[in-house]
Amino acid sequence: MPPPGSSVSPLKILLVDDEPLARDRLRTLLGDIAGQLPSEVVGEAGNGLAALAFLREQPVDVVLADIRMPGMDGIELAGHLGSLEQAPAVIFTTAYDNYAVQAFDLNAVDYLLKPVRAQRLLTALQKIPAVPHPDPALLASIGREVRGGGRSHLSCHERGRLLLVPVNEILYLKADLKYVTARTVEREYLLDDALTHLESEFAERFIRLHRAVLVARAALAGFERAAGDDAEAYGWALLRGVPEKLPVSRRQWAPAKALVKNS
């Protein structure tokens, strides 16, 4: 409790849950504990994508996020929040997800089990100053268990703004020095992710063509052999939707061709 006469700025909170009734309950509970911890619900969102759109315009202190939501779940949302210039604290809410709960317990990530209780919510909010943002590697592992695969979007920082690149629109990923370029039909994006991490996370979507190139399986259209004096590649992969050709190493030539033949 603050000492008499002191003023405490209300915590600015964003509620993220695809169920309006769940958001209403959190609003009510926050009102119930306002005498002990002042707060202000400054916004609501039905999934992670909507939450990030809101946060681009208005920073908050705390995000209360459901784990399972359509479009972008709470685990993936938390990973993107860590990339924001003013990253808010994250408290997860969930009705199940046993794996996530166990992982949170082991890594001191706070969560609230539904139905959320007022005292438990108060305790979680009071711990915020001392709780670091969840580790990205932890979130990635929990996310794969919860949703059965990798993220739906990758982060790109461009001119001070956070952009989201839908993974299902990426044709290829190409490493160049410290960055990885993600290519869609429309344009290129520079990512902070390492190519090896992306290969592991999205093993079912992308295959390696070269030490510096991953390609979406669905984007492969065909192959052509490189000229005899071409030192850059053993052969070249042709893509659907863009004119670029991607280098294919000798080691990956046969597996990549077999994939196209059998698709």
Side-chain angles (χ1 to χ4, degrees), residues 14 16-18 45 47-52 55 62-84 87-114 116 120 124 127-128 130-157 162-170 172-175 178-182 189-208 211 213-217:
L14 174 66
V16 188
D17 198 303
D18 59 318
N47 62 28
L49 287 170
L52 287 168
L55 292 167
V62 189
V63 173
L64 293 175
D66 188 25
I67 288 183
R68 286 194 183 270
M69 295 180 289
M72 179 187 289
D73 61 41
I75 306 293
E76 182 173 349
L77 167 63
H80 292 301
L81 293 180
S83 301
L84 295 176
V90 183
I91 298 173
F92 296 99
T93 62
T94 181
Y96 37 85
D97 290 320
N98 290 333
Y99 177 88
V101 167
Q102 292 170 15
F104 292 161
D105 282 335
L106 290 172
N107 291 274
V109 176
D110 214 350
Y111 65 92
L112 302 170
L113 286 176
K114 296 179 179 180
V116 178
R120 180 68 184 87
K127 291 194 299 185
I128 281 173
V131 177
H133 198 275
D135 176 69
L138 165 69
L139 292 172
S141 65
I142 296 174
R144 283 195 291 271
E145 289 289 338
V146 168
R147 74 180 76 92
R151 293 165 286 172
S152 63
H153 294 72
L154 302 181
S155 299
C156 167
H157 289 90
L162 174 68
L163 304 181
L164 296 177
V165 188
V167 173
N168 62 8
E169 295 181 11
I170 296 174
Y172 65 80
L173 297 157
K174 192 172 186 180
K178 59 185 285 190
Y179 294 103
V180 170
T181 298
Y189 300 86
L190 289 181
L191 311 177
D192 293 328
D193 296 82
L195 196 67
T196 52
H197 294 164
L198 292 169
E199 182 179 24
S200 173
E201 183 175 358
F202 301 105
E204 294 186 2
R205 178 175 291 274
F206 296 96
I207 65 164
R208 185 172 288 274
R211 59 181 174 77
V213 179
L214 302 177
V215 67
R217 296 167 184 262

For [X], which residues count as a side-chain contact (heavy atoms from CB on, under 4.5 Å) partner, sequence neighbours excluded?
| X | result |
| --- | --- |
| H157 | S83, L162, D192 |
| S200 | none |
| L163 | C156, E158, R187, Y189 |
| P166 | H153, N168, E169 |

Distance (rounded to the nearest 0.5 Å) between [X] [atom1] and [Y] [atom2]:
| X | Y | atom1 | atom2 | answer |
| --- | --- | --- | --- | --- |
| E201 | L154 | CD | CG | 7.0 Å |
| L164 | M72 | CG | CE | 5.0 Å |
| L14 | L77 | CG | CG | 8.0 Å |

Note to self: Among residues at least two apart in sequence or on other chains, which ones pass salt bridge (Lys or Arg N to Asp or Glu O under 4.0 Å) with E145?
What the structure shows: none
Next item on the list: Could you pull out all residues at least two apart from R120 that satisfy salt bridge (Lys or Arg N to Asp or Glu O under 4.0 Å)?
Entry: D110
Please report the closest heavy-atom contact between [X] and [Y], naming both atoms and the distance.
| X | Y | answer |
| --- | --- | --- |
| A78 | V90 | CB-CG1, 4.2 Å |
| L173 | A182 | CD2-CB, 3.7 Å |
| I67 | A100 | CD1-CB, 4.0 Å |
| V16 | G48 | CG1-N, 4.4 Å |
| L112 | A124 | CD2-CB, 4.0 Å |
| P70 | N47 | O-CB, 3.0 Å |

Among all residues two or more places apart in sequence or in another chain, which pass the side chain to side chain donor-acceptor pair (under 3.5 Å) test with [X]?
| X | answer |
| --- | --- |
| D193 | R151 |
| R211 | none |
| R205 | none |
| Q102 | none |

Next item on the list: Indicate yes or no for a side-chain donor-acceptor contact from R217 to the backbone of E204 under 3.5 Å, with no hydrogens or angles considered.
Entry: yes
Next item on the list: If a pair satisfies side chain to side chain donor-acceptor pair (under 3.5 Å) and one of its residues is in residues 66-78, list it, with sequence neighbours excluded.
Entry: D66-K114, R68-D97, D73-R147, E76-H80, E76-S152
Note to self: Please evaluate residues L84 and L81 with respect to the criterion side chain to side chain contact (heavy atoms under 4.5 Å, CB included), reporting the C-alpha separation (whole Å), side-chain torsions for both, the decisive distance (0.1 Å), and the verdict.
What the structure shows: CA-CA 5 Å; L84 295 176; L81 293 180; 3.7 Å; yes
Next item on the list: Decide yes or no for R208 and L195: does some side-chain heavy atom of the first lie under 4.5 Å from some side-chain heavy atom of the second?
Entry: yes
Check: So T181 and Y179, side chain to side chain contact (heavy atoms under 4.5 Å, CB included) or not? Walk me through it.
Finding: CA-CA 7 Å; T181 298; Y179 294 103; 5.7 Å; no
Item checked: Derivation and outcome, side chain to side chain contact (heavy atoms under 4.5 Å, CB included), residues V116 and L64 -> CA-CA 11 Å; V116 178; L64 293 175; over 6 Å; no
Item checked: Trace of the side chain to side chain contact (heavy atoms under 4.5 Å, CB included) decision for F202 with L214 -> CA-CA 10 Å; F202 301 105; L214 302 177; over 6 Å; no
Note to self: Test of understanding: with ring pair (Phe, Tyr, Trp, His ring centres under 6.0 Å), list the residues that count as partners of F92, not counting sequence neighbours.
What the structure shows: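 Residues passing ring pair (Phe, Tyr, Trp, His ring centres under 6.0 Å) with F92: F104.
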